[in-house]
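Structure first, then comments.
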4 protein chains.
Amino acid sequence: MADKRIPVQRRSIERKQKILSSGFKLFCEHGYYKTNTIEIAKHAGVSTGAVYSYFKDKREIYIAAFDSYLEEISGRLFEELEQSQTLPLPDFVENWVTVYLELYAASGHALAQLRMMILEDEEINRHFSDLENEYFMKLIRLLNKNGVERADLMERIYTCCILIDALRQEQSSFSHIGLNFLIFKEQVTSTILQLLSG
Amino acid sequence: MADKRIPVQRRSIERKQKILSSGFKLFCEHGYYKTNTIEIAKHAGVSTGAVYSYFKDKREIYIAAFDSYLEEISGRLFEELEQSQTLPLPDFVENWVTVYLELYAASGHALAQLRMMILEDEEINRHFSDLENEYFMKLIRLLNKNGVERADLMERIYTCCILIDALRQEQSSFSHIGLNFLIFKEQVTSTILQLLSG
Amino acid sequence: MADKRIPVQRRSIERKQKILSSGFKLFCEHGYYKTNTIEIAKHAGVSTGAVYSYFKDKREIYIAAFDSYLEEISGRLFEELEQSQTLPLPDFVENWVTVYLELYAASGHALAQLRMMILEDEEINRHFSDLENEYFMKLIRLLNKNGVERADLMERIYTCCILIDALRQEQSSFSHIGLNFLIFKEQVTSTILQLLSG
Amino acid sequence: MADKRIPVQRRSIERKQKILSSGFKLFCEHGYYKTNTIEIAKHAGVSTGAVYSYFKDKREIYIAAFDSYLEEISGRLFEELEQSQTLPLPDFVENWVTVYLELYAASGHALAQLRMMILEDEEINRHFSDLENEYFMKLIRLLNKNGVERADLMERIYTCCILIDALRQEQSSFSHIGLNFLIFKEQVTSTILQLLSG
DNA sequence: TATGAATGAGAGTTCATTCAT
DNA sequence: AATGAATGAACTCTCATTCAT
């Protein structure tokens with residue numbers, strides 16, 4: 001019914017940001033279902049009512065929080081990648097892996113959480129599928145400029161992304177016993193290089 | 001008297017199995033939080049009380065359901081793999097990918113769900129981390145027998161598993177627009193082959 | 001999703017009845033919006049959960065409570081009226097008014113509440129409009145048997161019902177200063193008689 | 001300074017009026033409980049704070065809105081009736097019914113809502129009972145001047161009012177299936193005539 | 001031993017009212 | 001004086017778990 005307030009004042013914007021970051025933090029730590037709106041409000045230092053004046057419902061907080069986070073991080077990633085797009089491919093890949101690991105290090109459980117929510121919730125699925133597609137497209141354009149052009153590039157890039165994120169998970173949260181991170185990283189890097197140049 | 005005990009026990013085991021399979025099915029379809037115990041009981045054709053006489057709580061149903069499922073499927077996987085352990089590596093890998101895709105096809109969202117639950121719940125984490133480790137160890141032993149022996153085998157196998165499961169997800173639930181499954185499969189297979197033989 | 005439990009045991013039926021009568025009482029006393037489900041549960045001596053195992057939502061309690069009340073009362077009214085359907089019209093009318101006043105005396109605010117809810121809620125409207133129509137039809141059939149047959153009988157009966165219910169309101173809840181009930185009753189009775197025989 | 005106060009006051013009066021008319025409109029359309037103060041403020045083009053500087057609480061808006069509406073409408077009704085007070089009774093009654101229907105047509109659910117609120121809220125009850133009494137008294141005085149004088153006039157007038165309002169409800173919101181409005185109107189008019197002259 | 005009705009804490013959400021700006 | 005963002009109690013409804021039968 002009522003259109004949600006568009007924050008025009010600084011305080012408002014800050015509060016909305018605080019709700020988003022609190023939501024993001026708690027969703028990552030405890031998951032969507034174990035985080036309740038009162039907690040989010042408390043953590044953001046606002047009332048429950050305030051939360052609902054900025055967001056339609058809990059799901060909207062979730063979407064906005066992850067959207068904003070991914071926007072931010074992938075924005076920074078592409079900034080870096082664009083600067084190194086003319087490097088020789090091995091250096092470009094090295095850089096890609098390194099920057100990705102740095103930037104997404106803080107994601108913690110965020111991406112795994114998101115993957116799960118995408119499976120459970122149609123609306124969230126639609127929203128983030130589009131976002132992911134954009135992400136792939138940008139990567140393709142970037143690699144094209146670097147001289148990498150193949151019919152099956154989409155599939156190759158997808159494989160690369162899977163591997164890089166496996167690396168990130170290993171680094172941050174999900175470390176497997178008996179798995180040496182540096183060796184793993186070395187393997188991932190060289191596999192990516194082969195995929196893109198082989 | 002004594003001869004009646006066995007049928008009762010058998011019935012009991014069957015019921016427990018039915019609860020597990022019902023739970024697994026519903027958890028996969030709707031996720032842990034959107035599946036309630038009454039539904040599980042109804043689907044299994046038992047009373048809610050019965051469910052709680054076999055399992056301490058909902059989480060225990062979840063753990064046991066996934067445990068039993070993974071046990072079953074990975075058992076079958078290794079049966080197949082052991083039969084093809086003497087094949088030339090390219091055929092072995094081909095077989096591995098094919099059988100994995102077949103067996104885990106029915107998992108649907110199950111494994112993604114599980115990954116999420118592992119992040120949210122300490123107890124679930126402990127349980128399935130051990131299971132996964134066992135799984136890797138068996139694969140190592142198998143590949144050793146096939147003649148693949150390297151210092152960094154653990155990491156290589158891990159990468160292979162990541163890629164195969166990405167393939168499975170692509171096949172069952174998570175298809176990305178513009179991604180050709182057959183090309184992707186081809187790439188995964190040859191990447192694995194390179195990782196193991198290169 | 002889940003179909004609501006159909007009470008098969010006596011205790012269940014009694015509880016459902018208790019919830020209905022508690023709901024009816026509280027809805028009449030304080031109105032729909034000032035009555036909350038916790039109050040209804042408490043008054044019925046059950047938990048909030050129990051209320052929702054018998055009824056889908058608060059509105060369903062409201063509909064069922066009023067439905068059951070009107071069923072009961074109008075059932076009794078028509079029993080009486082059928083017994084006096086062969087009396088001379090003046091006696092029949094006299095009887096109608098008297099019995100109606102007796103039976104609906106306890107309605108208190110019930111009917112006024114209902115009228116309001118009908119205006120606010122589409123579903124409640126549909127439900128009770130049908131019920132009211134049946135009521136009119138029964139009255140028409142009854143008067144037909146008594147020899148009252150006219151083209152505009154529907155309208156006349158409607159007018160009669162309005163007047164009788166005004167009388168009931170005056171008697172029970174809504175007494176106006178300076179209005180003599182007996183005189184008012186006398187007038188209503190003779191007006192009805194004229195409408196039906198004039 | 002002093003000459004500015006009057007425009008300010010005028011603006012203030014206009015705003016209060018706007019709040020009242022907005023409140024009335026929304027209360028009629030959605031009912032008291034489904035209308036919120038923010039909506040009223042928005043519709044009136046003022047801030048929520050402003051609403052609370054003119055009225056103590058939501059209930060007071062309700063009372064004032066209906067008070068003002070009824071004042072206005074009944075004022076107009078009596079103006080018309082006074083002009084026709086010397087007509088022969090049949091014409092006077094005809095006029096009464098016609099004018100009432102015209103004037104109160106816009107009430108929609110308003111009066112039914114009000115009746116409900118009177119039952120639920122002691123303060124609203126007190127306020128409008130007095131108003132209604134005044135209304136009856138005026139009608140009595142008017143009919144006295146027309147030559148209608150009887151001991152039981154109060155009761156007769158009350159009956160007339162009930163019938164006329166039933167007619168209005170039928171016309172505006174509450175139409176019953178199978179009920180012909182023109183026939184119903186004819187009956188009401190002639191019944192009123194009989195009540196007042198018979 | 002098995003049942004499933006019952007529990008009640010806790011979830012998401014709304015909105016009359018206030019008060020810092 | 002005027003604003004409208006903020007409050008937080010209160011609402012409806014759910015569901016993991018228990019326990020009388």
Side-chain angles (χ1 to χ4, degrees), chain A residues 1-2 4-9 11-12 15-16 33-42 45-61, chain B residues 8 11-12 15 32-42 46-61, chain C residues 1-2 4-9 11-12 15-16 33-42 45-61, chain D residues 8 11-12 15 32-42 46-61:
Chain A
M1 282 265 157
K4 293 290 137 184
R5 214 175 294 151
I6 293 150
V8 281
Q9 292 171 351
R11 197 170 131 78
S12 255
R15 285 187 143 220
K16 184 164 184 176
Y33 293 102
K34 285 187 180 167
T35 302
N36 65 48
T37 46
I38 291 174
E39 263 181 283
I40 296 175
K42 217 173 261 174
V46 302
S47 66
T48 43
V51 169
Y52 283 89
S53 82
Y54 291 111
F55 302 96
K56 195 179 109 253
D57 54 21
K58 189 182 168 185
R59 182 165 65 181
E60 208 177 273
I61 306 172
Chain B
V8 166
R11 187 159 166 265
S12 185
R15 289 179 128 212
Y32 181 78
Y33 294 101
K34 288 184 181 168
T35 302
N36 64 52
T37 45
I38 290 172
E39 262 182 283
I40 296 175
K42 215 175 264 175
V46 303
S47 68
T48 45
V51 170
Y52 280 86
S53 77
Y54 293 113
F55 302 97
K56 194 179 107 249
D57 54 21
K58 191 181 167 184
R59 181 168 63 181
E60 211 176 270
I61 306 172
Chain C
M1 280 263 156
K4 292 291 135 182
R5 213 174 294 151
I6 293 149
V8 282
Q9 292 169 350
R11 197 169 130 79
S12 256
R15 284 187 143 223
K16 186 165 183 176
Y33 294 102
K34 286 187 179 166
T35 302
N36 65 48
T37 47
I38 291 174
E39 262 181 282
I40 295 175
K42 215 173 261 174
V46 301
S47 66
T48 42
V51 168
Y52 283 89
S53 81
Y54 291 111
F55 301 97
K56 194 178 111 253
D57 55 20
K58 189 181 167 185
R59 182 165 65 179
E60 207 176 274
I61 306 172
Chain D
V8 167
R11 187 158 166 265
S12 185
R15 290 179 128 212
Y32 181 79
Y33 294 101
K34 289 183 178 167
T35 301
N36 65 52
T37 46
I38 290 171
E39 262 182 282
I40 295 174
K42 214 174 266 173
V46 302
S47 66
T48 46
V51 169
Y52 280 85
S53 78
Y54 293 113
F55 302 97
K56 195 179 108 247
D57 55 22
K58 190 181 168 185
R59 182 167 63 181
E60 210 177 271
I61 306 172

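Nothing here was measured: the structure is a model prediction, and the numbers come from that model. Protein chains get the first letters and strands the later ones, always in sequence-line order, with residue 1 at the start of each.
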Distance-minimising heavy-atom pair for B:T37 and B:K58: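 So the minimum-distance heavy-atom pair works out to CG2-CG, 4.0 Å.
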Where C:N36 and C:E39 come nearest, the two heavy atoms and their spacing: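 The pair with the smallest heavy-atom distance is OD1-N, 2.8 Å.
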Under-4.0 Å side-chain N/O to phosphate OP1/OP2 contact, A:Y54 with F:dA6: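 Affirmative; the distance criterion is met.
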How close or far is atom [atom2] of [N] from atom [atom1] of [X], stated in whole angstroms?
X	N	atom1	atom2	answer
A:K58	E:dT14	NZ	P	15 Å
A:D57	E:dA11	CG	C1'	13 Å
B:K56	F:dA16	NZ	C1'	13 Å
D:K42	E:dC15	NZ	C1'	12 Å
A:F55	F:dA6	CZ	P	12 Å
A:K16	F:dA6	NZ	C1'	16 Å
B:R59	F:dT17	CZ	C1'	15 Å

Would you list the atom pairs, donor with acceptor, under 3.5 Å between side chains in residues 47-57 of chain D and any protein atom, with sequence neighbours excluded?
{"from": "D:S47", "atom 1": "OG", "to": "D:A50", "atom 2": "N", "distance (Å)": "3.1"}
{"from": "D:S53", "atom 1": "OG", "to": "D:A50", "atom 2": "O", "distance (Å)": "2.8"}
{"from": "D:Y54", "atom 1": "OH", "to": "D:S12", "atom 2": "OG", "distance (Å)": "3.2"}
{"from": "D:D57", "atom 1": "OD1", "to": "D:R59", "atom 2": "N", "distance (Å)": "3.3"}
{"from": "D:D57", "atom 1": "OD1", "to": "D:E60", "atom 2": "N", "distance (Å)": "3.0"}

Base-pairing string, 5' to 3', of DNA chain F - Watson-Crick or wobble, under 3.5 Å, | interstrand: .||||||||||||||||||||
Those residues of residues 34-41 of chain C lying under 4.0 Å from DNA chain E by at least one heavy atom: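 When residues 34-41 of chain C is checked for heavy atoms under 4.0 Å from DNA chain E, there are no hits whatsoever.
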Sugar-phosphate only, base, or nothing, as touched by D:V46 at under 4.0 Å among non-hydrogen atoms: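 Contact class for D:V46: none.
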Sugar-phosphate, base or nothing in reach of D:R15, heavy atoms under 4.0 Å: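 Answer is sugar-phosphate: D:R15 comes under 4.0 Å of backbone atoms only.
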Donor/acceptor link under 3.5 angstrom from B:T48 side chain onto base of F:dA16: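 Flag unset: no donor-acceptor pair detected.
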C:K34: side-chain contact (heavy atoms from CB on, under 4.5 Å) partners, not counting sequence neighbours: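 With sequence neighbours excluded, C:K34 shows a side-chain contact (heavy atoms from CB on, under 4.5 Å) to C:H30, D:Y33, D:E120, D:D121, given in chain and number order.
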Report each atom pair, protein N/O against N/O of nucleotides 19-21 of chain F, whose distance is under 3.5 angstrom.
none

